[in-house]
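Worksheet: one structure, shown below.
What you see below is based on every heavy atom in this structure, not just the backbone, and it leaves out hydrogens, waters and symmetry mates.
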Amino acid sequence: MSYIKSLIIKNVRAFFLLVAFGFLCSHNLYIKFDTYFLFPNDEATFSLFNGTFENSENIITRDRIIDATIVGNNEKSAIDTNLWKDKDSTVTYVEFKTGDAGTYVAGVSTKPRNIELTAEKFNDYLKHDGVVDMLKFREDNNLLAKDAVESYQKHVKAIYQVGDVKSNDWQTEFGYPIEFIPLENPYEKYTHESLEVKLLLDGKPLPNQLVYADYLKTNYFEDEHNHDHSHDNDEHEHANHEGHNHEGHNHNHDEHDHSDHDHDHDHEGHDHEGHNHDNDAHHHEGDDHNHDHSHSKGQQLRTNDQGVVKVDLPEDGIYYLRTIHMTNVTDNAQLTHESKWATLTFEVIHNIDEHGHDHNHHDHNHGEHHHAHDGHDHDHEGHDHDHHHDHEHEDGLPLWVFVLGSIAIIGVLFLVFRRKN
Amino acid sequence: MKTLSSKGVITFLFVCVPFLSFAHDVTSADQEILRNGGLWAYIRVGATHMLTGYDHLLFLAGVIFYLKGFKDILKFITVFTIGHCITLIGATYTGVTANEYLVDAVIALSVFYKGFENLGGFEKLNIKSPNLLLMVGLFGLIHGFGLSTRLQSFDIGSDQFLAKILCFNLGVEVGQILALIPIVFIITMSRKQKQFEAFYKAVNWYIVLAGVCLFIYQMYGYFNGYH
């Protein structure tokens, strides 16, 4: 009986660990499009994901946004504060007109805020958000027991492609306290290549800084992914597809071993009481030691002397880079640390020629496809790029897995009861 | 050997079942379909939601298991349908909503309840089980409220508001019928089998466990989520 009890306890724990993935996420900020390939002069949406790149957990209140700008075709346009909307209390988004064809860059910068953390929680956060340089500094200087009051600020950018015309706006320097700037147009890069990205801190290249790069795999060119191919639609619609969810990405939480982690952070532990923080603040809550899995996955890179990292682009996908630059603060009685967070997102697909080759290789033949970007036709035979693809479901288990899993469970139970009978 | 077998079963269940509710979320793809697809899209999303709403399906399977004869099934499903139509349309139209986790937790309890009742739980506790038709009607109201909170989490705008609700509801009914066809078929066929008793127990234990796990999951979400 006690064996069964311990087994149940063990499994309940495992259950909570599994469930925890849905909730326990630190709050990086990203600009996220469902697809980064948009139609010219079309309606489009991008969201501010505050959490992980997969799941946003909080909205961003307007007072926090000190800059929101889109640059394209040599024009800089500020996003009107009133245009921001919130959805489900978790996502802040804006709808806008894409404009003429070109490579665009959007940026959002948020106000600095303070957070007070106990030493233990601060150390955990450093560890699990990959701020290992500061953690090492604390270890080396016997500071691990010191509590922290950290000022943090987030500055995020996304580069997206409208139509087929490649323009140079992607290299626009926004002048944020920290920002990524690619050295080449990401939309002139293709899967299996690499992209060099420079990191600027206060306008100067930042050497020896840890940068994490990961991606959500996209499958526009793979039929295996169970897209709902609507073959009656000839157009490859990239515009404004919120539903473009990439289940097949390589960020698989299940791969991580959580067995050694005790989950002792609670939300209170990271409460921002007295600091005038609202819920879109820099949350460390829930970084319950799961975060080795979510924050040091992907490529772990370090900027060279010129502040440049080289990001591999192994698969079609939406790539996201993130870094947290943290320093000790010695000239401010209120603060112990200051951090500046930056992210950059963009999307990479196959070279069309390569893609055609791959497609033939897989012998997919779903009829003709007309891939329309800005009126430029890429005739892809053999598939439909309809981004309305309806994954059997987006946020969890596909229906067939549920059905098969249920049948398996019932089957096992059936055998047990039959034996009993 | 027996111990190992029990361990395997329990582990398997605990690993698999928690994922049930994930598929039930409103997806941004659905939102996009609704934004671009007109009223038909509401029918489609309603149907899809029902077909992938495992908690609703498990509850329905539990109800069907308990019943014998097509007439009974029709009666109970009609009551369930009326129940969920009332709250789905009423709550959505009037804008009444509640925390999704709590609503889904109650729906999970309804799943547990049905499995528990089917397994003779009330008899074992020497309690008279409540009137099933009444309970199915009550749970219909709750499931409808769950569907309503889900629908309200979409940005459906104010244009053709009632029509959209009705279309979503229609889609739910279509999805329900589509789901019921295989459920009724399998359960009816299974009754003719020698091993029906073992099958009955297996499915209802599965429903009980699923209800419990869904409930834990939703409560966990309620206390730790950000909604």
Let me confirm one number: the OH-CD1 distance from Tyr206(B) to Ile410(A), rounded to the nearest 0.5 Å. 6.0 Å
Under the ring pair (Phe, Tyr, Trp, His ring centres under 6.0 Å) test, which residues partner Phe116(B), sequence neighbours left out? Phe112(B), Phe122(B)
Atom pair CG/CD1 of Leu209(B) and Ile409(A) - distance to nearest 0.5 Å: 8.5 Å
Glu117(B) meets the salt bridge (charged side-chain N to carboxylate O under 4.0 Å, His left out) criterion, sequence neighbours left out, with Lys114(B)
So which pairs with a foot in residues 170-186 of chain B pass side chain to side chain donor-acceptor pair (under 3.5 Å), sequence neighbours left out? Thr81(B)-Gln176(B), His84(B)-Glu173(B)
Is it true that, when you exclude Trp205(B) itself, more than 12 heavy atoms of the residues, nucleotides or ligands shown sit nearer than 6.0 Å to its CH2? no
Taking 4.5 Å as the heavy-atom cut-off, does anything in residues 189-204 of chain B contact chain A, and if so which residues? Gln195(B), Glu197(B), Ala198(B), Phe199(B), Lys201(B), Ala202(B), Val203(B)
